[in-house]
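Numbers restart at 1 for each chain; the letters A, B, ... are given by sequence-line order, proteins then strands. Everything numeric here is computed off the predicted structure, so don't read it as measured data. Both backbone and side-chain heavy atoms feed into the values below; hydrogens, waters and symmetry mates do not.
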Amino acid sequence: MPELPEVEVSRRGLSPFIVGKTVITAVSRTSRLRHDIPPDLDAMLAGRCLRAIERRGKYLLFDFGTGHLLLHLGMSGSLRLVPPGTPPAKHDHFDLCFGDTIMRYRDPRRFGVIDWIAANPQSHPLLAPLGIEPLADGFHGDWLHAATRRRHAPIKPVLMDSHLIVGIGNIYASESLYLAGISPLRAAARIGHERCERLADAIRKTLLASIAAGGSSVRDYVHSDGGAGCFQLQCAVYDRDGEACPGCGTPIRSTRQAGRSTYWCPHCQT
DNA sequence: AAATAATCCTGCGGGC
DNA sequence: TGCCCGCAGGATTATT
């Protein structure tokens, strides 16, 4: 569910309320998400002060100085702050309890990840293979062009390959390609330099716009499912099969690529 | 090697 | 009303 913007908004929304505070206790209510949750998390975290919350791709890293709490929201995960004493609901798998608030992790499908990293986060097996950050300075048309010369798969699933670029999920892949005017079916290696420039810009714009849309309305309730109606920038093509393209009126089409739904305008995107 | 399918899990909406 | 099916914003693993 959450792509890079949702994770970044969660990071920004949570930070003012819990950075600088000390963990009273950490509570796990399930043993296993995508991987086993370390059973000794409470021992690692109790009494430790949260220094910062960082983000790498769709992962959140809670820096405690002595190590990092690694958290991934998977397909259905969300984080929120609740008052102490709030009873957990179904699928509320993990609490990070501070003196005055609880950061509560909910994940019905349990595709998420919670882990403790004692050493350098860069060397963690889930983080080490990750690709470039699309909002970093190094991500631009030149880079994208060079990185895709040997990729003959359609550009859409290539954009979603986290070993190449992190953070672009199924929604923003379709939306970015629409903004760039590039067909999701086009082989990545057959997109020229100028269009790679446009695509890199489109990705950056799409992600930043979504962060801005979510960031303004998140306060003590941080979520990624659009529950309060404050999230998710209006999509131009995603989930709009058959509707009129906002640019030219041609019906939006959909198909499946690498097992995921894709949406595009066959007139505006070539 | 690179690209696709199968997989982990629960919930929800549509069709009957 | 309920049942069955397919699908869901991720990412790894196995298979062609």
### Query
Between A:Pro108 and A:Val158, who's closer to the 5' end of DNA chain B by nearest nucleotide?
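Closer to the 5' end of DNA chain B: A:Val158.
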### Task
Before giving the answer on salt bridge (Lys or Arg N to Asp or Glu O under 4.0 Å), spell out for A:Glu8 and A:Arg12 the whole-Å C-alpha distance, their side-chain angles and the decisive distance to 0.1 Å.
CA-CA 6 Å; A:Glu8 177 62 19; A:Arg12 295 183 189 184; 2.7 Å; yes
### Message
Starting from A:Leu130 and following side-chain heavy-atom contacts under 4.5 Å between hydrophobic residues (I, L, V, M, F, W, Y), which residues can be reached?
### Response
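Reading the cluster by chain and number, A:Leu130 sits alongside A:Tyr59, A:Leu61, A:Leu70, A:Val113, A:Ile117, A:Leu126, A:Leu127, A:Val166.
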How long is the line joining [atom1] of [X] and [atom2] of [N], in whole Å?
X	N	atom1	atom2	answer
A:Arg56	C:dG10	CZ	P	17 Å
A:Asp107	B:dC8	CG	P	16 Å
A:Phe111	B:dC8	CZ	P	9 Å
A:Leu60	C:dG10	CG	P	15 Å
A:Asp161	C:dT12	CG	C1'	12 Å
A:Met75	C:dG6	CE	C1'	13 Å
A:Asn170	C:dA8	CG	P	7 Å
A:Arg110	C:dA8	CZ	C1'	17 Å

### Message
Can you tell me whether the side chain of A:Arg109 and the base of C:dA8 have a donor-acceptor pair closer than 3.5 Å?
### Response
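Yes.
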### Query
Under the 3.5 Å rule, do the base of C:dG9 and the side chain of A:Glu6 count as making a donor-acceptor pair?
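A donor-acceptor contact between them is present.
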### Task
Provide the distance between the two P atoms, one in B:dC9 and one in C:dA14, to the nearest whole Å.
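Comparing P positions in B:dC9 and C:dA14 gives a spacing of 16 Å.
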### Query
How far does the P atom of C:dC7 sit from the matching atom of B:dA5, given to the nearest Å?
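Comparing P positions in C:dC7 and B:dA5 gives a spacing of 13 Å.
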### Query
Does the pair A:Asp92/A:Arg106 count as a salt bridge with the N-to-O cut at 4.0 Å?
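Between A:Arg106 and A:Asp92 there is a salt bridge, with a charged N closer than 4.0 Å to a carboxylate O.
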### Selected nucleotide, minimal atom distance to A:Lys58 side chain, candidates C:dA11, C:dG9, B:dT4
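Per side-chain heavy atoms of A:Lys58, the pick is C:dA11.
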Can you check whether [X] has a side-chain N or O nearer than 4.0 Å to OP1 or OP2 of [N]?
X	N	answer
A:Arg260	C:dG9	yes
A:His91	B:dC9	no
A:Arg151	B:dA3	yes
A:His72	C:dA11	yes
A:Ser76	B:dC9	no
A:His163	C:dA11	no
A:Ser210	C:dG9	no
A:Tyr172	C:dG9	no
A:Arg256	C:dA8	yes
A:Lys90	B:dG11	yes

#### Entry: Contacts of A:Ala147 that satisfy side-chain contact (heavy atoms from CB on, under 4.5 Å) - sequence neighbours left out
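side-chain contact (heavy atoms from CB on, under 4.5 Å) check on A:Ala147 returns A:Trp143, A:Leu164.
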### Message
Quick one: does any side-chain atom of A:Glu3 pair with a main-chain N or O of A:Ile171 as donor and acceptor, under 3.5 Å?
### Response
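Side chain of A:Glu3 to backbone of A:Ile171: a pair is present.
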### Query
Short question: side chain of A:Glu133, backbone of A:Arg56 - any donor-acceptor pair under 3.5 Å?
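Absent.
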### Query
If pairing requires Watson-Crick or G-U wobble contacts with both distances under 3.5 Å, which nucleotide is the partner of C:dG9?
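Looking at the geometry, C:dG9 pairs with no nucleotide.
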